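Data first, discussion second: the structure below is written as structure tokens.
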Amino acid sequence: MTQVNPIPSMSAEAMQSYTSFAPNYRAPGEAAAMAHQDAVLAFWNMKLIPMLSNASTGGRFSGAALACPVRSCIGMAELAGVAVSNPYRNPDAIENIVCIEGSIAVEFGDGYAERIELERFDMLSLPANVRHRFRNLGGATAKFILALNAGPDSAYPAVFDAASVSDQASESALSALSVTADHDPGATVNVAGLESRLTRFKKLVPYKKGLSKSIGIPPEATEMLSAGSVFPLIVPEGHVGRSQTAPMFGYGGLYISIAECLAGDDGPPPHAHSDTQENFFVLDGSWDITTGFDNEYSVAAKPGDLFAIPPHVMRAFQNTSSDKARLLVLIQGPERMNDHVSYSASLGKVVEERFGPDTIEAYKKIKMSFDAEERLKAAVQAAGV
């Protein structure tokens, strides 16, 4: 009988196929935003680059080089200095906007007179169907991540104000980009109503503090298992995992956090996710993204690079720069994802010896365990590898 390898990992060469490097993210020429760049500029008045999408995803971020589960798609927007985008709304998708370079204002309301300004690493989670536009507050190009979160059958349509967009786009461009136009003002919101869906990076609280307060896990234990500090931004409604202290809730299939590591190879130990894809977008610093129980394989990463790690693969990351550095972590999965995270049994013994069996039991409540060898072996066998 052939021995089944119970330790799924990816070689450095294989990892390259799960990586998109800045600035173009290997966006295929046939991807909607690439094939119809003139139409994108005519409608949005900014550049859009697809980064993560499912094979069934429609609209502006379809056809990305990196695949992902169906409930969300992710891309980059680039808005020229002092420029203003055309207003639009996402009828059925939450739009999570993370400013990564420069500063922008998200304008909405009557005459677009209301605004929320975003500095670097701030995020606004805009509810579905809110007509809005972006304003670049600086002279250089501003860049921001757009993580769309909708139902499994969404084509991720964008609906523009019929009075403000070009009518010269071809039918093929309209269809590929899932673009329509009307005079519907969309849903009504105000600044006060959006404050609960805004995270200011400088005010974020790491989940190690929240878990200590809510279920009694020592912060020092959580530091052993995660990045130096992990700041949850948004999780699905009903989430009960380690990021349950997030300040806001969204639809199923996506949650977002920022991982911050100190200088000197700081990072979490190898771990695996049972049913979710974990994507690392480098915000600053330099990193090694690794796979395997002992970090056997490694790929170096710089700001703007994106890594998509599938389920059942041991992975870790280390800050290799000389200063504190950060990753944007986008976790994607099914409608009711468990996002169970498992570590090696040997690490579990260390945690139990230091913090006691009650801590091990507390971690089980937030879907963290120390049985990666068993879980990954079962996954390999179930796949018939």
Side-chain angles (χ1 to χ4, degrees), residues 10 12-55 57-69 72-81 83 85-86 95-102 104 120-121 134 136 138-148 156 158 169 172-173 176-179 256 277-289 298-310 317 321 325-330 332:
M10 295 188 294
E13 181 180 2
M15 288 174 69
Q16 294 287 338
S17 65
Y18 290 88
T19 304
S20 285
F21 296 108
N24 295 319
Y25 301 98
R26 295 195 289 125
E30 64 272 18
M34 300 293 101
H36 303 286
Q37 293 184 53
D38 290 344
V40 169
L41 289 173
F43 283 108
W44 277 272
N45 195 38
M46 58 187 184
K47 182 179 180 180
L48 298 177
I49 304 173
M51 300 168 73
L52 288 157
S53 62
N54 188 269
T57 298
R60 74 208 85 162
F61 295 141
S62 62
L66 297 183
C68 69
S72 57
C73 61
I74 296 162
M76 174 89 72
E78 297 183 358
L79 183 61
S85 76
N86 290 323
E95 187 173 52
N96 299 292
I97 306 151
V98 185
C99 182
I100 61 171
E101 193 169 312
I104 60 173
R120 194 166 184 235
F121 307 159
F134 302 105
N136 186 342
T141 297
K143 298 181 181 181
F144 41 103
I145 298 293
L146 298 176
L148 302 177
Y156 295 97
S172 62
L177 296 168
S178 296
V179 163
I256 303 173
Q277 174 172 309
E278 187 175 34
N279 307 297
F280 304 124
F281 179 87
V282 181
L283 293 172
D284 56 8
S286 60
W287 298 80
D288 281 343
I289 310 297
S298 175
V299 173
K302 64 184 186 306
D305 291 344
L306 175 67
F307 291 77
I309 310 296
F317 50 84
S321 56
R326 302 154 195 91
L327 299 173
L328 183 68
V329 183
L330 305 115
Q332 298 170 281

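Quick caveat, the model's predicted, so the values are computed rather than measured. Keep in mind that the numbers below use all heavy atoms, side chains included, and drop hydrogens, waters and symmetry copies.
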Could I get the full list of side-chain contact (heavy atoms from CB on, under 4.5 Å) partners for Ala32, not counting sequence neighbours? Ser62, Ala176, Leu177
Any heavy-atom pair between the side chains of Arg26 and Leu66 that's under 4.5 Å? yes
If the condition is side chain to side chain donor-acceptor pair (under 3.5 Å), which residues does Ser172 pass it with, not counting sequence neighbours? Ser170
Taking side chain as C-beta onward, heavy atoms only, is Phe61 less than 4.5 Å from Leu146? yes
If we ignore angles and hydrogens, is there a donor and acceptor under 3.5 Å between the side chains of Gln332 and Ser72? yes
Residues in side chain to side chain donor-acceptor pair (under 3.5 Å) with Arg326, at least two apart? Glu260, Asp284
Under 4.5 Å between any side-chain heavy atoms of Arg120 and Leu283, yes or no? no
N/O donor to acceptor pairs below 3.5 angstrom from side-chain atoms of residues 34-46, sequence neighbours left out:
| from | atom 1 | to | atom 2 | distance (Å) |
| --- | --- | --- | --- | --- |
| Gln37 | NE2 | Met34 | O | 3.3 |
| Asn45 | ND2 | Val84 | O | 2.7 |

Run the ring-ring contact (aromatic ring centres under 6.0 Å, His included) test against Phe121 and tell me which residues pass, sequence neighbours left out. Phe201
Under 4.5 Å between any side-chain heavy atoms of Ile289 and Thr19, yes or no? no
Kindly indicate whether the side chain of Gln16, heavy atoms from C-beta on, has any atom under 4.5 Å from the side chain of Val299. yes
Which heavy-atom pair separates Val282 from Ala301 by the least distance, and what is that distance? CG2-CB, 3.7 Å
Taking ring-ring contact (aromatic ring centres under 6.0 Å, His included) as the test, write out the residues that go with Tyr18, two or more places apart. none
Any Met10 side-chain heavy atom under 4.5 Å of Pro310 side chain: yes
Quick one: list whatever passes side-chain contact (heavy atoms from CB on, under 4.5 Å) with Asn136, sequence neighbours left out. Leu79, Ala142
Sequence neighbours excluded, the answer for side-chain contact (heavy atoms from CB on, under 4.5 Å) partners of Ala22 is Tyr25, Asp305
What about Phe280 and Phe317, are their ring centers closer than 6.0 Å? yes
Identify, with sequence neighbours excluded, every residue that meets side chain to side chain donor-acceptor pair (under 3.5 Å) alongside Gln277. Asn279
Check side-chain contact (heavy atoms from CB on, under 4.5 Å) between Glu101 and all other residues, then give those that pass, not counting sequence neighbours. Lys143
Rounded distance (nearest 0.5 Å) linking atom CD1 of Ile74 with atom CG of Leu306: 7.5 Å
Rounded to the nearest 0.5 angstrom, the CG-OH distance for Asn54 and Tyr156 is 8.5 Å
Mind checking what makes side chain to side chain donor-acceptor pair (under 3.5 Å) contact with Ser286, not counting sequence neighbours? Thr320
Pairing residues for Phe144 by the ring-ring contact (aromatic ring centres under 6.0 Å, His included) criterion, not counting sequence neighbours: Phe134
